[in-house]
Number of protein chains: 2
Amino acid sequence: MKRTTIIDIAAALGVTPSTVSRALAGNPRVSELTRDKVREKALEMGYQPNVVAAALRRGKSDTVGMVVPRINRHFFSHVISAVEEVLNPAGFNLLICQSHEKAELEKLAVQVLLKNRVAGIILSHALETIDFSVFESAAREKVPVVQFDRVHTAVAGPRITNDNFSGAYLAVKHLIKSGYKRIAHLTGSLNINVYQERYRGYKYALEEAGLPIDIGVMENSITRETGYESTLSLLQQTRFDAVFCAGDFAAIGAMQALHDKGLSVPSAMGIVGFANEPFSDFITPRLSTVEQNAHDMGHLTAKALIRAINGKAPMEADWEEVVPVRLLVRDSSMRGETTAY
Amino acid sequence: MKRTTIIDIAAALGVTPSTVSRALAGNPRVSELTRDKVREKALEMGYQPNVVAAALRRGKSDTVGMVVPRINRHFFSHVISAVEEVLNPAGFNLLICQSHEKAELEKLAVQVLLKNRVAGIILSHALETIDFSVFESAAREKVPVVQFDRVHTAVAGPRITNDNFSGAYLAVKHLIKSGYKRIAHLTGSLNINVYQERYRGYKYALEEAGLPIDIGVMENSITRETGYESTLSLLQQTRFDAVFCAGDFAAIGAMQALHDKGLSVPSAMGIVGFANEPFSDFITPRLSTVEQNAHDMGHLTAKALIRAINGKAPMEADWEEVVPVRLLVRDSSMRGETTAY
DNA sequence: AGCAAAAATACAAACGTTTGCACAAAAAAC
DNA sequence: GTTTTTTGTGCAAACGTTTGTATTTTTGCT
């Protein structure tokens, strides 16, 4: 059975396709009477608009592309949901791609999105990405790009980031208040804005308190496995009584390494993570961590994109919006004797 | 700057757009010489095909739609990745939608996909879904649908499921072998094939061992919260020494409830979950669970869809493929005295 | 009733491909 | 050397919308 088109509706009603198109679009240039007739007929004939044809004609689709490193990270999946909450009511739908942390896949994804003539792109970079030339194509084709969380100034357009600096600062300050004095740090690649900022916050808190900042910082220690290994290395290299981890997975790894070495958390060692992964709340001891507001971030990102699509926001004027974070104090950083905090 | 089209390339080369189209498509009706020239020019001019126009002309896009309840479930996100692994090399790309377990959103998502003229749809139903009429539209428009995990026979097309029966059977049999005798069950809605099958496996194992099957079965207890509440209820209603949970989140809830009541796992109470969520391995005690093979499931699903798209598999012939699962025995179900297993 | 202005609709071109068919040139067959 | 076949291109229509402009119809005024 052929699909019904506006031409079929037009024929059935004795009007032209253009009238049908305008009627369905709610264009005030068609009378209320015919508009109602058209809508009724469309419903009756089970009409489903062909958005592909519309996209071709208009040169833009109602689809927004979103590229994230992985969809199964708590933070990213929540940002995605929040973005949907804004975009769907606005008539857009989301094409989600994963870069799997690979620069090449990220580039490919962006190209696919451009080929599909998406209305705009929302993106958080892969860890690897250092070449941003694809985004010039996007700019050339006037497809707005909004970056969130892992952002880079080499790409034009709005950037929505977490307040990583303050999060790290609060986390470390809390460790200090709890009585820990020699605080190490596990982080990701310091090429990424996110980890740079957390590192900055970490250092700032230590400096402010007059504590040593050269205890030990391990880069590329962001997974459970690398967190585990790096903690073992640290134990051999240096002396410390707490670890601030730039991610919860690393914190879990650190916890296990400490456990395996017979060091108890939080009495012998304090740990604070980052991201508030769902498991953080029901491991033993419960992990103190920094909660990112994925919901607000998604909303802000989506709204920024809509503004950019509607041309309200010149893409050249790329500004940065910072979303506040929140420290969640749980067991892993609470020394019995200093619970006073 | 205008985008380059095949018309531009044609003009630059003094040929017609049709030749360019055929050249780029690798059609044998154009000579090797012109094909190479066209390809070179396309590269030189930075040509990006307009897949929207192609989709309109062909009546089909290279996009496949995928609808899942939520993308942040370990199982679903891994199926998605596996589907991508098959689909991307085959030239398709994925449009991912979430139903958030709502029947209405699922229906909406399918409609959006149909409007976008996707080549096919991959879907796992929301818990709520009981009305399958949208899928008749899909069938009418000859858009193949492949269901996975949460499937329903009311929808035409291939179904790829986990071996939920065997998984549950193995889990409960293992509890029995470990010495537990009164085994309760937390499950989801028994309208869903997935939970029906797990329930069947649970009962079968108990019957086989001659153990009572009326200890206590709590429906709609699949989240951490409901798992917690249901376990407390069970403790009041009945006497039991183990719980088989149809999901890991419920198992976590159960564990916490038991912990709060001073019942230790696994010595006083055995617990086995289902799904092998990533946290299952690093909570205390480590949770025994049934691992689903998301990778194989994704591959099989994607391949089935590609077959259906290519018309190799008549949609009417809807068959079911079952993916084996694996029991992971960890601490939560191992009584000290019966570790012999 | 007559005319201008406003409102509603029709016409037709465009968006960038793909593809059946026609056609010319080259190659093969007789 | 003519006819047939093969091979490579061109032509033009189609896919289903949207939208600027032209045309018709209605409305409001005098």
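Proteins get letters first, then strands, A, B, ... in listed order; numbering begins at 1 in each. Atom set for the values below is all heavy atoms of this structure, side chains included, hydrogens, waters and symmetry mates excluded. Bear in mind that the values here come from a model prediction, so they are computed numbers and not experimental data.
- With rounding to whole Å, A:R35 atom CZ is found 10 Å from C:dA8 atom P.
- With respect to the salt-bridge test (charged N to carboxylate O, under 4.0 angstrom), the residues A:K37 and A:E40 do not qualify.
- Contact check, A:T16 against C:dA10: a side-chain N or O comes under 4.0 Å of OP1 or OP2.
- For the pair B:Q147 (side chain) and B:H152 (backbone), a donor-acceptor distance under 3.5 Å is present.
- Remark: A:T34 is in phosphate contact with C:dT9, judged by side-chain N or O atoms under 4.0 Å from OP1 or OP2.
- As a whole-Å value, the separation of B:L24 CG from C:dT18 P is 8 Å.
- The nearest whole Å value for the distance from the CG atom in B:L56 to the P atom in C:dA14 is 17 Å.
- In this structure, B:L24 and B:I6 have side chains that are in contact, with non-hydrogen atoms separated by less than 4.5 Å.
- When distances run from any side-chain atom of B:S18 to the nucleotides D:dT9, D:dG10, C:dA8, the shortest one goes to D:dG10.
- The listed nucleotides are D:dT18, C:dT9, C:dG16; the one nearest the side chain of B:N50 is C:dG16.
- Here the P atom of nucleotide C:dA8 and the CG atom of A:L13 are 17 Å apart, to the nearest Å.
- A:Q48 places its CD atom 19 Å from the P atom of D:dC15, with the value rounded to the nearest Å.
- Between the CG atom of B:N27 and the P atom of D:dG10 there is a distance of 14 Å, given to the nearest Å.
- Where B:V15 and B:R117 each meet DNA chain D at their nearest nucleotide, the meeting point lying more 5' is that of B:V15.
- Between the side chain of B:E101 and the main chain of B:L127, a donor-acceptor pair closer than 3.5 Å is present.
- What separates CD1 of A:I6 from C1' of C:dT9 is a distance of 14 Å, to the nearest Å.
- Remark: the A:R22 side chain and the D:dG20 base include a donor-acceptor N/O pair separated by less than 3.5 Å.
- Residue-level contact check: A:S21 touches the bases, meaning some heavy atom is under 4.0 Å from a base atom.
- For B:R58, the listed nucleotide lying nearest its side chain is C:dT18; candidates were C:dG16, C:dT18, D:dT9.
- Nearest nucleotide to the side chain of B:T19, out of C:dA8, D:dG10, D:dT17: D:dG10.
- At a threshold of 4.0 angstrom between heavy atoms, the contacts of A:V52 with the nucleic acid are absent.
- Taking atom CZ on B:R57 and atom P on D:dA12, their separation rounds to 16 Å, with Å as the unit.
- Annotation: the span from A:K107 atom NZ to A:E128 atom CD amounts to 13.0 Å, rounded to 0.5 Å.
- A donor N or O paired with an acceptor N or O is found under 3.5 Å between the base of D:dT21 and the side-chain atoms of A:R29.
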